[in-house]
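Note: hydrogens, waters and symmetry copies are ignored here, and every other heavy atom, side chains too, is used.
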Amino acid sequence: MIFITPAQLKQILQSNILSISPLTADAAQEAHLHVEAGAHILLAPPCKTCNEQEAQVLKKLLEVADESAFVAGQITPLTEGLQEVGGNLLYDDYYQAILGQARFLEEEGMSMIFMTDFADVLTAKCALYAVREGSSLPVCVGMRLQEGEEGLKKALAVLITLQAAEVSAVGITGVDIDESLELLSAMQAFATVPLFAITTAGSFITPEDYGDYVSSFVNQKCAMLGIWHKSAAFAAAVTKASWQLSPLLPDFPVLNAICSDNETMFLDFKGNIVSHQKPFIEIKTEELSDVQQALSVFNRPGTAPVCFCIKDIDVLRFALMHYAGRPAVRSDEYGEILARELGAFVMSEKQDEQPEETTDGGQG
């Protein structure tokens, strides 16, 4: 059993490329083959019920991994997404379910947690906040995004939102190899954390073919690589192809950017817009109902990023946790502390230049 902190994983990924072997409940019996092939991470079957049967599978993986590999717990989406962000009960139920899974995985001795196949950023954020409350383990978040221009725009917004929340790594999961590379190409230049990919592939691909892709993924700043439910030979292919390669480190320690669901805006250190002519939207209110109304509009794809000007700490917390992206925040000292904890971009209230377009209580 190997215990690891987020800081330790970050240190490891600065000098090593790790192979990931995703396992099904049946394949868990063959985990030793993956370890012998050089797999660094055994990715357990998704946590669903937190029952004794799942606990026994994790125990078996820990026995096989021993001191040779990490065992990662896996959390997947429970629903297709949180569509009604104003529906507090739905959000809270989802949060509590993920919280229980995170606590279960830490209690069972996992080394880290992978969140995989999340398709929208609001659902991923909700799950991430729950995992962070329920566990002190490193958390790696993988998104399943669509190809094409909209997918590329969303990939960048997802990266900025999640890495600001201090995840250990951001990646693409459940997507074909070539499409994964294309999505990662939109992310790698703006990454402040390591990237990873767990791709899909048809029966046509061989371990040797997959090994040929490894250098391309490393060039996109991937530090962890895997392929869904393939033989141990694929783990061996990653190990063989990467042993002389080193991860390409992120270019920035932090990134001054805010984003909505799929629109990104870059700022300077004073909070002035440097990448976009259209201003962000300021939401000035202290009423929860106004925030809910605003979110019903600004959580939609294609809307401009927002800045919350809220001092009531409970209202601000709701706004930050239920916003589908990374917002900016103008608040008092306590609000700024909360904003940093939840990954928002903090702007001073003494800002001289104000955006031209504002909204009070969510009214555009």
ask   = Relative to each other, are the rings of Phe318 and His322 parallel, tilted or perpendicular (30° and 60° limits)?
value = parallel
inquiry  = Quick check: is Leu249 connected to Val193 through a chain of hydrophobic side chains (ILVMFWY, heavy atoms under 4.5 Å apart)?
reply    = no
ask   = So, the side chain of Ser331 versus the backbone of Ile310: is there a donor-acceptor pair under 3.5 Å, distance only?
value = yes
ask   = Taking atom types as modelled and ignoring hydrogens, do the side chains of Asn219 and Ser216 form a donor-acceptor contact shorter than 3.5 angstrom?
value = no
ask   = With the 4.5 Å side-chain cut-off for hydrophobic clustering, are Leu162 and Val346 part of the same group?
value = no
key: Glu106 side chain vs Ser136 backbone, donor-acceptor pair below 3.5 Å   = yes
query = Does the Asn262 side chain pair with the main chain of Gly302, one donor and one acceptor, at a distance under 3.5 Å?
reply = yes
ask   = Donor-acceptor pair, Thr116 side chain versus Thr76 backbone, under 3.5 Å?
value = no
inquiry  = I'd like to know whether Leu99 forms a side chain to side chain contact (heavy atoms under 4.5 Å, CB included) with Gln96, so could you lay out the CA-CA distance, the side-chain angles of the two residues, the decisive distance to 0.1 Å, and finally the verdict.
reply    = CA-CA 5 Å; Leu99 176 61; Gln96 291 300 319; 3.7 Å; yes
task = Please check if the side chain of Asp117 supplies one atom and the backbone of Arg144 the other of a donor-acceptor pair under 3.5 Å.
result = no
ask   = Do the non-hydrogen side-chain atoms of Glu263 and Thr303 ever get within less than 4.5 Å of each other?
value = no
ask   = Taking the side chain from Glu133 and the backbone from Ala130, do they hold a donor-acceptor pair closer than 3.5 Å?
value = no
remark   = All heavy atoms of Met347 vs all of Ala328, minimum pair found to be SD-CB, 3.5 Å
inquiry  = Run the side chain to side chain contact (heavy atoms under 4.5 Å, CB included) test on Leu342 and Met321 for me, step by step, so that the C-alpha distance in whole Å, both residues' side-chain angles and the decisive distance to 0.1 Å come before the verdict.
reply    = CA-CA 7 Å; Leu342 296 180; Met321 294 185 71; 3.8 Å; yes
ask   = If every non-hydrogen atom of Met110 is compared with every non-hydrogen atom of Leu137, which pair is closest and at what distance?
value = O-CD2, 3.4 Å
key: Heavy-atom closest pair, residues Gly174 and Trp228   = N-NE1, 3.3 Å
remark   = Taken in chain and number order and not counting sequence neighbours, the residues that satisfy ring-ring contact (aromatic ring centres under 6.0 Å, His included) with Phe190 are Phe266
ask   = Taking the side chain as C-beta and beyond, is there a heavy-atom pair between Glu287 and Val315 under 4.5 Å?
value = no
task = Kindly indicate whether the side chain of Val131, heavy atoms from C-beta on, has any atom under 4.5 Å from the side chain of Met115.
result = yes
query = How long is the gap from CG on Leu105 to SG on Cys47, to the nearest 0.5 Å?
reply = 4.5 Å
task = Could you list the residues that satisfy ring-ring contact (aromatic ring centres under 6.0 Å, His included) with Phe118, not counting sequence neighbours?
result = none
ask   = What are the two closest non-hydrogen atoms of Pro45 and Ala25, and how far apart are they?
value = CG-N, 3.6 Å
request  = Would you give the length of the straight line joining atom CG of Asn16 to atom CD of Gln11, rounded to the nearest 0.5 angstrom?
outcome  = 10.0 Å
ask   = Does a side-chain heavy-atom distance below 4.5 Å link Glu282 with Val306?
value = no
inquiry  = Are more than 12 heavy atoms, taken from residues, nucleotides or ligands other than Gln56, located less than 6.0 Å from that residue's CD atom?
reply    = yes
query = Are Ile41 and Met112 close enough, and set up right, to give a side chain to side chain contact (heavy atoms under 4.5 Å, CB included), and what steps lead you there?
reply = CA-CA 9 Å; Ile41 300 172; Met112 62 188 76; 4.1 Å; yes
message = Membership question, hydrophobic clusters at under 4.5 Å side-chain separation (ILVMFWY): are Tyr129 and Ile337 in the same one?
response = no
request  = Could you tell me whether the side chain of Tyr210 and the main chain of Ala233 form a donor-acceptor pair under 3.5 Å?
outcome  = no
key: Thr173 vs Thr200 side-chain heavy atoms within contact, under 4.5 Å   = no
Single hit among Arg326, Lys154, Lys153 for salt bridge (charged side-chain N to carboxylate O under 4.0 Å, His left out) with Asp261 = Lys154
ask   = Given side chains that start at C-beta, do those of Thr199 and Asp176 come closer than 4.5 Å, heavy atoms only?
value = no
ask   = So, the side chain of Asp209 versus the backbone of Thr206: is there a donor-acceptor pair under 3.5 Å, distance only?
value = yes
task = Please indicate whether Lys48 has more than 12 foreign heavy atoms, meaning atoms of other residues, nucleotides or ligands, lying under 6.0 Å from its NZ.
result = yes
request  = Please answer: with hydrophobic residues joined when any side-chain heavy atoms are less than 4.5 Å apart, are Leu248 and Leu225 in the same cluster?
outcome  = no
Separation between OG1 of Thr24 and CD of Gln29, rounded to the nearest 0.5 Å = 9.5 Å
ask   = Would a line drawn from the ring center of Phe196 to the ring center of Phe217 be shorter than 6.0 Å?
value = no
ask   = Sub-3.5 Å donor-acceptor pair from the side chain of Thr239 to the main-chain atoms of Gly38, do we have one?
value = yes
note = Note: Pro22 and Ile198 closest approach over all heavy atoms is CG-CG2, 3.7 Å
query = Can you hop from Leu33 to Leu43 via hydrophobic side chains spaced under 4.5 Å?
reply = no
message = Other residues, nucleotides and ligands only: do more than 12 of their heavy atoms fall within 6.0 Å of CD on Glu179?
response = yes
message = Once rounded to the nearest 0.5 Å, what's the spacing between atom CD of Glu107 and atom CG of Leu58?
response = 11.5 Å
ask   = So, do Phe70 and His40 have ring centers that fall under 6.0 Å from each other?
value = no
query = Is the side chain of Glu166 donor-acceptor paired with the backbone N or O of Gly343 at a distance under 3.5 Å, no angle test?
reply = no
message = Check the orientation of Tyr323 and Phe308. Use parallel for under 30°, tilted for 30 to 60°, and perpendicular for over 60°.
response = perpendicular
query = Glu182 and Asp178: side chain to side chain contact (heavy atoms under 4.5 Å, CB included), yes or no, with the steps?
reply = CA-CA 6 Å; Glu182 184 176 8; Asp178 292 316; over 6 Å; no
query = Is there side-chain contact between Pro138 and Thr5, with heavy atoms separated by less than 4.5 Å?
reply = no
Taking every non-hydrogen atom, the tightest pair across Thr192 and Gln163 = N-OE1, 2.9 Å
key: Nearest-0.5 Å distance that lies between atom CG in Leu181 and atom CD in Gln188   = 11.0 Å
query = Are the side chains of Cys140 and Met224 in touch, meaning some heavy atoms are under 4.5 Å apart?
reply = yes
Approximate separation, where rounding is to 0.5 Å, of His32 NE2 and Ser68 OG = 13.0 Å
